[in-house]
Peer 1: 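This is the structure, below, for whatever I ask next.
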Amino acid sequence: MKNLFNMDNPVFQTLSRIADLAVLSVICLLCCLPVVTIGPATAALYYTVVKCVRGRESGAFGYYLRSFRDNFKTGLKADLIVLPAAALLLVLHHIVRWYGTRTGGVLYVLYVAQYFALMVPAGMLCWLFPLLGRFDYGVRGLFRTAFQLAIAHLPSTVVLVLLTAQSAVVCVNRWWPVVFLPSVGMLLASLFTERIFCKYSPELAAEEREEPEE
């Protein structure tokens, strides 16, 4: 019975991680409400999920606030570029879809082709804020590195785009997944991104190999 209520018990540790995922999702959504803070909020969510859920560190709330503060300036500048560009691409997507699905022919081929064309900017977006959460970048270097990773690791980029798009669709169609899906999505994304980050950063590779004390 004593071991059952021990906070180091695997059951308690699992419950603690589940609670962290839920709390972090809610905090991230609150921080995203001003819209222009989506970048630093997402970067902080990625960083905290990696450190506290994958890495088993304690103090998820503190990790999130520190990362949000540290990445706020660069993330805000990146958002001022990303948000208008994303809005423009979304409008163009709807226009092409409207004409392509109604007229057929060449326009339908263009409608299908634009899905593949959108993979690069969407892939850049999927890499952008995990990079910001894990590394110290200026805005120009952040976008350049996100583009390079999106191209160099295209299979992982496709998976990240599909994972992000599906998570967004689920959250839009049903309200309750927003309680956990943002954090769970970041956790799943980190299975791909952290492996690739470690190839380019010996420090992260050493950190990934370290086993937390039980």
Side-chain angles (χ1 to χ4, degrees), residues 3-34 37-76 78-79 125-137 142 145-146 149 156 159-160 163-164 166-168 170-171 176-214:
N3 289 332
L4 180 64
F5 294 100
N6 186 352
M7 294 304 293
D8 292 329
N9 187 291
V11 174
F12 278 102
Q13 291 183 349
T14 300
L15 292 175
S16 176
R17 287 175 202 151
I18 293 174
D20 283 343
L21 288 172
V23 170
L24 289 171
S25 290
V26 173
I27 294 173
C28 180
L29 289 172
L30 291 175
C31 291
C32 286
L33 288 179
T37 57
I38 289 175
T42 305
L45 178 63
Y46 179 85
Y47 176 77
T48 309
V49 165
V50 169
K51 297 295 288 186
C52 297
V53 180
R54 282 179 55 116
R56 304 180 186 179
E57 297 284 347
S58 59
F61 184 70
Y63 269 104
Y64 186 91
L65 290 182
R66 285 193 296 272
S67 181
F68 182 81
R69 179 196 62 205
D70 293 344
N71 295 314
F72 184 82
K73 185 176 180 180
T74 303
L76 182 62
D79 276 338
L125 183 62
C126 292
W127 285 103
L128 202 66
F129 298 117
L131 276 170
L132 180 60
R134 290 297 264 162
F135 301 98
D136 186 16
Y137 276 109
L142 183 64
T145 306
L149 289 176
S156 294
V159 173
L160 292 174
L163 175 63
T164 302
Q166 189 58 42
S167 298
V170 171
C171 288
W176 56 268
V178 301
V179 177
F180 65 89
L181 198 51
S183 293
V184 172
M186 282 297 179
L187 180 61
L188 294 176
S190 72
L191 300 178
F192 299 89
T193 53
E194 286 298 300
R195 172 176 54 83
I196 292 169
F197 289 163
C198 288
K199 292 181 179 180
Y200 300 100
S201 173
E203 294 81 6
L204 287 190
E207 179 183 313
E208 188 77 6
R209 287 194 297 267
E210 289 180 359
E211 292 291 335
E213 295 183 1
E214 299 289 346

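Only this structure's heavy atoms are used, side chains among them; waters, hydrogens and symmetry mates stay out.
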Peer 1: With rounding to the nearest 0.5 angstrom, report the CD1 to CG distance, Ile196 to Leu160.
Peer 2: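 Going from the CD1 atom of Ile196 to the CG atom of Leu160 covers 7.5 Å.
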
Peer 1: Please step through side-chain contact (heavy atoms from CB on, under 4.5 Å) for the pair Leu149 and Leu131, ending with a clear verdict.
Peer 2: CA-CA 10 Å; Leu149 289 176; Leu131 276 170; 3.8 Å; yes

Peer 1: Show the nearest heavy-atom pair for residues Asn71 and Ala43, with the distance to one decimal.
Peer 2: ND2-CB, 4.2 Å

Peer 1: Less than 4.5 Å apart, side chain to side chain, heavy atoms only: is that true for Ser67 and Lys51?
Peer 2: no

Peer 1: Run the side-chain hydrogen bond (donor to acceptor under 3.5 Å, both in side chains) test against Thr37 and tell me which residues pass, sequence neighbours left out.
Peer 2: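 Not a single residue meets the side-chain hydrogen bond (donor to acceptor under 3.5 Å, both in side chains) criterion with Thr37.
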
Peer 1: With rounding to the nearest 0.5 angstrom, report the CD1 to CG distance, Ile27 to Leu45.
Peer 2: 9.5 Å

Peer 1: With Thr193, which residues qualify under side-chain hydrogen bond (donor to acceptor under 3.5 Å, both in side chains), at least two apart?
Peer 2: Tyr46

Peer 1: Could you list the residues that satisfy ring-ring contact (aromatic ring centres under 6.0 Å, His included) with Tyr200, not counting sequence neighbours?
Peer 2: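 Once residues adjacent in sequence are excluded, the partners of Tyr200 under the ring-ring contact (aromatic ring centres under 6.0 Å, His included) criterion are His153.
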
Peer 1: Checking Cys32 now: which residues fulfil side-chain contact (heavy atoms from CB on, under 4.5 Å) with it, not counting sequence neighbours?
Peer 2: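 side-chain contact (heavy atoms from CB on, under 4.5 Å) list for Cys32, sorted by chain: Cys28, Ile38, Ala41.
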
Peer 1: Could you list the residues that satisfy side-chain contact (heavy atoms from CB on, under 4.5 Å) with Arg69, not counting sequence neighbours?
Peer 2: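 So Arg69 forms a side-chain contact (heavy atoms from CB on, under 4.5 Å) with Arg66.
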
Peer 1: Suppose we screen for side-chain contact (heavy atoms from CB on, under 4.5 Å). Which residues come up paired with Cys52, at least two apart in sequence or across chains?
Peer 2: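 Cys52 satisfies side-chain contact (heavy atoms from CB on, under 4.5 Å) with Thr48, Glu57, Ala60, Tyr63 only.
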
Peer 1: Count the heavy atoms belonging to other residues, nucleotides or ligands that lie under 6.0 Å from CZ of Phe192, then report whether that count exceeds 12.
Peer 2: no

Peer 1: Mind checking side-chain hydrogen bond (donor to acceptor under 3.5 Å, both in side chains) for Thr145 and listing every partner two or more places apart, or none if nothing turns up?
Peer 2: Tyr137

Peer 1: Considering only heavy atoms from C-beta outward, does the side chain of Val50 approach that of Phe197 to under 4.5 Å?
Peer 2: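 When only atoms from C-beta onward are counted, Phe197 and Val50 do not touch, as no gap falls below 4.5 Å.
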
Peer 1: So, using ring-ring contact (aromatic ring centres under 6.0 Å, His included) as the criterion, who are the partners of Phe72 when residues are at least two apart?
Peer 2: Phe68

Peer 1: Residues two or more places apart in sequence or in another chain: which of them pass side-chain contact (heavy atoms from CB on, under 4.5 Å) with Val26?
Peer 2: Leu30

Peer 1: Between Asp79 and Gly39, which heavy-atom pair has the shortest distance, and what is it?
Peer 2: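 That would be OD2-N, 2.7 Å.
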
Peer 1: Sequence neighbours left out, cut at 3.5 Å: what donor-acceptor pairs do the side chains of residues 182-189 make with other protein atoms?
Peer 2:
| residue | atom | partner | partner atom | Å |
| --- | --- | --- | --- | --- |
| Ser183 | OG | Leu21 | O | 2.8 |
| Ser183 | OG | Ser25 | N | 3.2 |
| Ser183 | OG | Ser25 | OG | 2.9 |

Peer 1: So do the side chains of Tyr47 and Leu132 get within less than 4.5 Å of each other, counting heavy atoms only?
Peer 2: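 Of all side-chain heavy-atom pairs linking Leu132 with Tyr47, none is under 4.5 Å.
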
Peer 1: Heavy-atom distance under 4.5 Å between the side chains of Arg54 and Arg17, does that happen here?
Peer 2: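 A side-chain contact is absent here, since even the closest heavy-atom pair is not under 4.5 Å.
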
